[in-house]
Q: 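If you scroll down you'll find the structure; I have some questions about it.
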Amino acid sequence: VTGLPETLFRTEFPEIQERPMAMPAVTADGGAELRSALASAVHGAVLTPGDAGYSDARAVHNGAVEHRPAAIVQVASAADARAALALAGERGLRVTVRGGGHGVDGAGMAGDIVLDLRALRGVSVDAQRQTATVRGGATWADLDAATGAHGFVVPGSRVGSVGVVGSTLAGGTGWLTPRYGTTWASVLVVESVSVDGLRTDAATEDEPDGRSVITSLTVTLYPQPAAVLAGRLLYRLADAADVASVVADLVTRRRPEFAPMLRWQPAPAAAYVPGDVVGRPVLAVLPTWTGDAAEGAQFLAPLRRAARALVDATHPTSYTELQQQLDASSPWGRRRAEFAALDARPPAASAALLETALADRPGPHGFVELTPVASSGEWVTRAEAQWTDRADDARHRSWLAALETSLRPSTDTTH
Ligand SMILES: Cc1cc2nc3c(=O)[nH]c(=O)nc-3n(C[C@H](O)[C@H](O)[C@H](O)COP(=O)(O)OP(=O)(O)OC[C@H]3O[C@@H](n4cnc5c(N)ncnc54)[C@H](O)[C@@H]3O)c2cc1C
């Protein structure tokens with residue numbers, strides 16, 4: 001995907017983990033000594049198992065992540081992060097960083113010591129220079145609110161609770177990517193802290209080395225679109241191939257305002273969906289257009305001619321509302337698994353397979369989402385299983401694995 005760092009990476013500290021003399025994180029005292037050593041080294045709170053607040057602090061977006069770090073440091077400053085890294089280094093303990101907590105694999109919570117950056121949420125905007133500096137624990141809701149107040153945007157995550165740094169390290173894509181590129185492409189300066197101290201680096205083509213805690217990113221700002229057409233159209237699966245092929249055709253026109261998404265999903269229980277349609281497998285088309293509404297309507301006319309929609313819930317709106325429209329579709333705490341793959345075939349070619357996959361899914365949730373990579377003509381296929389009961393883990397994971405296999409060999413799994 002153009003503009004993505006070549007390697008998607010996790011923030012861990014290999015040189016620390018490889019120390020041969022590693023002490024156990026939790027000794028016979030149940031972790032009391034580690035806790036007191038950390039508490040005297042940092043200003044932020046230190047939570048260990050058994051503390052009030054530990055369970056909430058270790059919870060991440062994916063409810064299936066069950067890591068129990070020996071200590072969670074609620075980092076209050078870059079100095080806290082450095083002190084905790086130094087202490088972990090002395091003891092050979094593994095450190096990971098918790099940003100927005102949306103990594104599906106829960107890698108940020110997998111360390112012996114977790115540096116929780118949620119208290120570092122500030123965003124400062126320099127409207128004259130058209131840049132913003134985002135602290136290491138800020139979410140997209142924080143960034144959108146701060147930049148939006150000045151009429152600016154940064155291209156990135158379509159869900160507000162996602163961490164800015166975590167998503168940027170994985171490239172970062174959003175509704176404005178066709179127009180402004182990935183989030184990573186907007187990064188000017190990376191400020192990070194390691195055991196050696198704080199450093200500030202100009203962003204390069206290469207991704208950061210993944211061995212430090214990013215305390216802030218300075219990013220370029222772009223003008224916020226004045227007009228947006230958002231919402232979705234729901235179609236019967238019998239019409240999915242025709243509709244998908246019209247959307248793919250529109251993508252080839254390479255209009256930067258056009259950022260569509262196709263989702264094979266059960267129709268949601270939302271106010272805009274009639275009762276008899278709720279729960280039915282449908283193709284949802286999000287024909288997002290971040291430009292003039294009349295021009296958008298004209299551009300999208302072929303889509304409206306392709307088939308009669310079961311539901312038309314598109315509407316002119318603001319960029320702020322567009323950024324919030326998917327927040328409810330992946331609620332906090334559900335058990336989740338996913339895969340994403342690049343597919344060279346047009347979406348219509350997968351329609352029959354995705355219809356079967358949707359029919360076979362083992363629970364009421366779960367969807368398969370296709371978004372175009374306009375620059376390469378490929379599509380990113382992302383399938384997500386969502387469920388609530390641990391007893392159902394295996395069923396949902398094997399559904400996802402079977403779908404991934406059936407999409408091969410045309411796909412190239414990205415993570
Ligand atoms: C509901 C949902 C919607 C999503 N939508 C989008 C989308 O529209 N566009 C998109 O591009 N991605 C999207 N993603 C994917 C998301 O970008 C990744 O899951 C990302 O890794 C989440 O970052 P986080 O900080 O929230 O998560 P975390 O789990 O906290 O962090 C993820 C990784 O980044 C590291 N990390 C986080 N902060 C720092 C830091 N300050 N310094 C060093 N390392 C750090 C962590 O250690 C971990 O390895 C979505 C994910 C979910 C669950």
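Just so it is clear, the structure is predicted and the values come from calculations on it, not from any experiment. Whatever order the structure lists them in is the order used to number ligands and atoms, beginning at 1.
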Q: So is there a nitrogen or oxygen of Leu169 less than 3.5 Å from a nitrogen or oxygen in ligand 1?
A: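 Between Leu169 and ligand 1 (N or O atoms, distance only) the closest approach is not under 3.5 Å.
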Q: Going by the order shown, which atoms of ligand 1 are within less than 4.0 Å of some heavy atom of Ser157?
A: 5 (N), 6 (C), 7 (C), 8 (O), 9 (N)
Q: Should you measure from each heavy atom of Arg158, which atoms of ligand 1 turn up under 4.0 Å away?
A: 7 (C), 8 (O), 9 (N)
Q: Would you call Glu295 and Arg255 a salt bridge, taking side-chain N to carboxylate O under 4.0 Å as the test?
A: yes
Q: Would you mind listing which atoms of ligand 1 come within a distance below 4.0 Å of any non-hydrogen atom of Gly172?
A: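 Here the atoms of ligand 1 in question are 11 (O).
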Q: Under a 3.5 Å cutoff, is there a donor and acceptor pairing between the side chains of Arg304 and Thr314?
A: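 Thr314 and Arg304 do have a side-chain donor-acceptor pair below 3.5 Å.
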Q: Under a 4.0 angstrom heavy-atom cut-off, which atoms of ligand 1 come close to Leu117?
A: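 In order of number, 40 (C), 41 (N).
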Q: With the threshold set at under 4.0 angstrom, would you say Thr96 reaches ligand 1 through any of its heavy atoms?
A: no
Q: Considering the heavy atoms of Arg336, write down every atom of ligand 1 situated less than 4.0 Å from one of them.
A: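 Answer for ligand 1: 53 (C).
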Q: Counting heavy atoms only, which of Gly136, Gly174, Pro155, Ser330 is nearest atom 1 (C) of ligand 1?
A: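 The residue whose heavy atom sits nearest atom 1 (C) of ligand 1 is Ser330.
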Q: Which of the numbered atoms in ligand 1 are below 4.0 angstrom from a heavy atom of Ser167?
A: 17 (O), 20 (C), 23 (O)
Q: Any nitrogen or oxygen of Gly101 lying under 3.5 Å from a nitrogen or oxygen in ligand 1? Just yes or no.
A: yes
Q: For ligand 1, does Ala170 get within less than 4.0 Å through its side chain, its backbone, both, or neither, judged by non-hydrogen atoms?
A: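 None of Ala170 does.
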Q: Taking everything shown except His43 itself, do over 12 heavy atoms lie less than 6.0 Å from its NE2?
A: no
Q: Excluding sequence neighbours, so at least two apart, what forms side chain to side chain contact (heavy atoms under 4.5 Å, CB included) with Gln323?
A: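 Gln323: side chain to side chain contact (heavy atoms under 4.5 Å, CB included) contacts with Asp144, Trp175, Tyr319.
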Q: Do Leu234 and Arg280 have side-chain heavy atoms sitting under 4.5 Å apart?
A: no
Q: Could you name each residue pair satisfying ring pair (Phe, Tyr, Trp, His ring centres under 6.0 Å) that touches residues 140-166, not counting sequence neighbours?
A: none
Q: With a 4.0 Å cut-off, would you call Arg335 and Asp392 a salt bridge?
A: no
Q: Any non-hydrogen side-chain atom of Pro225 less than 4.5 Å from a side-chain atom of Leu176?
A: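 Yes - at least one pair of side-chain heavy atoms lies under 4.5 Å apart.
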Q: Is Gly100 in polar range of ligand 1, meaning some N or O pair under 3.5 Å apart?
A: yes
Q: Got an N/O contact under 3.5 Å between Gly103 and ligand 1?
A: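 Yes; the residue has a nitrogen or oxygen that sits under 3.5 Å from a nitrogen or oxygen of the ligand.
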Q: Would you say the side chain of Arg58 lies within less than 4.5 Å of the side chain of Met109, judging by non-hydrogen atoms?
A: yes
Q: Should His102 be counted as touching ligand 1, given the test is an N or O pair under 3.5 Å?
A: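 N/O-N/O distance under 3.5 Å: yes.
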Q: Looking at Arg334 and Glu384, is any side-chain nitrogen of the basic one under 4.0 Å from a carboxylate oxygen of the acidic one?
A: no
Q: Geometry only, no angles: is Val104 polar-contacting ligand 1 at N/O separations under 3.5 Å?
A: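 By distance alone, the answer is no.
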Q: Run the side chain to side chain donor-acceptor pair (under 3.5 Å) test on Thr182 and Thr173 for me, step by step, so that the C-alpha distance in whole Å, both residues' side-chain angles and the decisive distance to 0.1 Å come before the verdict.
A: CA-CA 5 Å; Thr182 60; Thr173 58; over 6 Å; no
Q: With Arg253 as the cation and Phe299 as the aromatic partner, state whether NZ or CZ is under 6.0 Å from the six-membered ring centre and within 45° of the axis.
A: yes
Q: Answer with side chain, backbone, both or neither: which part of Ser192 has a heavy atom less than 4.0 angstrom from an atom of ligand 1?
A: neither
Q: Looking only at distances, can you tell me whether any N or O atom of Thr173, backbone or side chain, sits closer than 3.5 Å to an N or O atom of ligand 1?
A: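 Yes.
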Q: May I ask you to list the atoms of ligand 1 that are less than 4.0 angstrom from any heavy atom of Arg98?
A: 30 (O)
Q: Between the candidates Ala138, Gly99, Gly166, Gly160, which shows the shortest non-hydrogen contact distance to atom 23 (O) of ligand 1?
A: Gly166
Q: For Val159, counting its heavy atoms only, list the atoms of ligand 1 lying under 4.0 Å from any of them.
A: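 Checking each atom against Val159, I get 3 (C).
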Q: With the threshold set at under 4.0 angstrom, would you say Ser212 reaches ligand 1 through any of its heavy atoms?
A: yes
Q: Should the pair Arg135-Glu191 be classified as a salt bridge under the 4.0 Å nitrogen-to-oxygen rule?
A: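 A salt bridge is absent here (no side-chain N lies under 4.0 Å from a carboxylate O).
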